[in-house]
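One structure below.
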Amino acid sequence: MPDAKAFLVSTVVMVVWVEGCKWLAHHNLLTRGKRRKIVHVFSGPIFLLTWPLFSSTGCVWASLVPMVMTLKFALIGLGLLHDRDTVETLSRVGNREDILRGPLLYGIVFVLSTYFSFKEVRGVIGLMCLCFGDGSAEIFGRMYGEKRKLWWSQQKSWPGLVAFLVASSLCSLAMICMLSHLHAAGFEGTSIPMSQVISRVLFASVCGAFMESVSLSDIDNMTVFVAAVMADILLCSVL
């Protein structure tokens with residue numbers, strides 16, 4: 001079964017990636033915040049690049065990859081499975097219960113988006129807004145946003161908002177182009193004019209950036225993705 005083999009390859013790729021990040025945690029080579037952000041930003045794109053391995057109808061097999069990893073994170077967060085390195089890699093504050101918030105929602109989003117938007121431009125845009133957009137907003141907001149707060153949200157900043165827009169837009173376009181170039185079986189991006197793709201990316205990024213600016217940090221992994229997807233649905237209904 002080609003999709004079963006693709007599942008195994010994709011799972012191995014993701015396990016190697018996560019274990020590498022855990023190795024950094026075990027040896028204290030990066031701060032907790034940097035380790036967590038690396039996982040947040042790059043896990044999604046690495047997984048998306050395995051989509052071409054699956055057939056056009058392989059959404060179930062593909063969604064099993066994040067589902068297995070998300071289940072493991074849930075067990076760790078509930079204390080049913082002990083893995084201190086995972087806690088140190090994914091948690092903001094170093095306790096296992098923290099995994100049941102942002103990291104668990106992150107995994108759930110990937111499971112649902114892979115199943116319902118497999119090899120669709122909409123799914124790619126939503127996930128890139130979550131990974132690169134949300135991740136960049138936090139990084140640049142912390143670095144440059146202390147005195148440049150948004151007037152409608154004193155917890156977020158203009159540098160963070162701009163970083164979200166730029167990162168999510170550029171990375172969404174790059175991922176769509178890469179998947180198209182890899183000739184992913186059934187990938188929607190190969191049949192859509194680039195002008196339409198750019199419009200959809202920009203509109204979804206704007207809506208995702210606004211949602212990130214008003215969302216609580218514990219749930220923004222879900223709300224940013226939903227905002228980007230709903231924006232794309234709205235724009236496509238107009239186009």
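We use all heavy atoms of the structure for the numbers below, so side chains are in, but hydrogens, waters and symmetry mates are not.
Here the closest non-hydrogen pair linking Ala25 and Asp85 is CB-O, 3.9 Å. Across Gly133 and Ser168, no two heavy atoms sit closer than the pair CA-CB, 3.9 Å. Closest non-hydrogen pair, Val41 versus Gly135, comes out as CG2-CA, 4.0 Å. Between Val121 and Glu188, the shortest heavy-atom distance links the atoms N-OE1, 2.8 Å. Closest non-hydrogen pair, Ser56 versus Phe118, comes out as O-CD2, 4.3 Å. The nearest pair of heavy atoms linking Gly208 to Ala227 is CA-CB, 4.4 Å.
Side-chain contact between Thr70 and Ile108 is present, with heavy atoms from C-beta onward closer than 4.5 Å. For the pair Pro45/Phe132, a side-chain contact is recorded, criterion being any heavy-atom separation below 4.5 Å from C-beta on. Between Asn221 and His40 there is a side-chain heavy-atom pair separated by less than 4.5 Å. At least one side-chain heavy atom of Cys131 sits under 4.5 Å from a side-chain heavy atom of Phe110. Using a 4.5 Å cut-off on side-chain heavy atoms (C-beta onward), Thr89 and His26 make no contact. Using a 4.5 Å heavy-atom threshold, the side chains of Val9 and Thr50 count as separate. When side chains are defined from C-beta on, Val206 counts as touching Leu165, because their heavy atoms get closer than 4.5 Å. By the 4.5 Å heavy-atom criterion applied to side chains, Cys21 and Phe42 are not counted as neighbours.
Rounded to the nearest 0.5 Å, atoms OG (Ser153) and CD (Glu212) are 8.5 Å apart. Note that CG of Asp83 is 4.5 Å distant from CD1 of Ile76, once rounded to the nearest 0.5 Å. Interatomic distance, CZ of Phe203 versus CG of Leu235, reported as 6.0 Å (0.5 Å rounding). Remark: Leu127 CG to Ser43 OG distance equals 12.0 Å, nearest 0.5 Å. Atom CD1 of Ile219 and atom CE of Met211 lie 9.0 Å apart (nearest 0.5 Å). From Lys156, atom NZ reaches atom OG of Ser215 across 6.5 Å, with rounding to the nearest 0.5 Å.
Between the His27 side chain and the Trp23 main chain, a donor and an acceptor come within less than 3.5 Å of each other. Ser63 places a side-chain N or O within 3.5 Å of a backbone atom of Val60 that can act as its donor or acceptor partner. In this structure, the side chain of Lys119 does not engage the main chain of Leu179 through any donor-acceptor pair within 3.5 Å. Here the side chain of Ser117 pairs no donor or acceptor atom with the backbone of Glu120 at under 3.5 angstrom. For the pair Glu146 (side chain) and Arg142 (backbone), a donor-acceptor distance under 3.5 Å is absent.
Open room surrounds CE on Met230; 12 or fewer heavy atoms of other groups in view lie less than 6.0 Å from it. Applying the 6.0 Å contact sphere to CD of Glu97 captures more than 12 heavy atoms from other residues, nucleotides or ligands.
Between Trp152 and Trp158, the ring planes are perpendicular. Angles over 60° get that label, and only those under 30° would be called parallel.
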Tell me, with the steps shown, if Ile99 and Val87 meet side-chain contact (heavy atoms from CB on, under 4.5 Å). CA-CA 7 Å; Ile99 296 179; Val87 173; 3.9 Å; yes
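In this structure, Trp61 has its ring center at least 6.0 angstrom away from the ring center of Trp51.
For residues 24-51, the pairs satisfying salt bridge (charged side-chain N to carboxylate O under 4.0 Å, His left out) are Arg32-Glu88, Arg35-Glu88, Arg36-Glu138, Lys37-Glu138, with sequence neighbours left out. Evaluation of the side chain to side chain donor-acceptor pair (under 3.5 Å) test over residues 227-239, restricted to residues two or more places apart or in two chains, returns Arg122-Asp232, Arg200-Asp232.
A donor-acceptor contact under 3.5 angstrom links the side chains of Ser91 and Asp98, judged on distance only.
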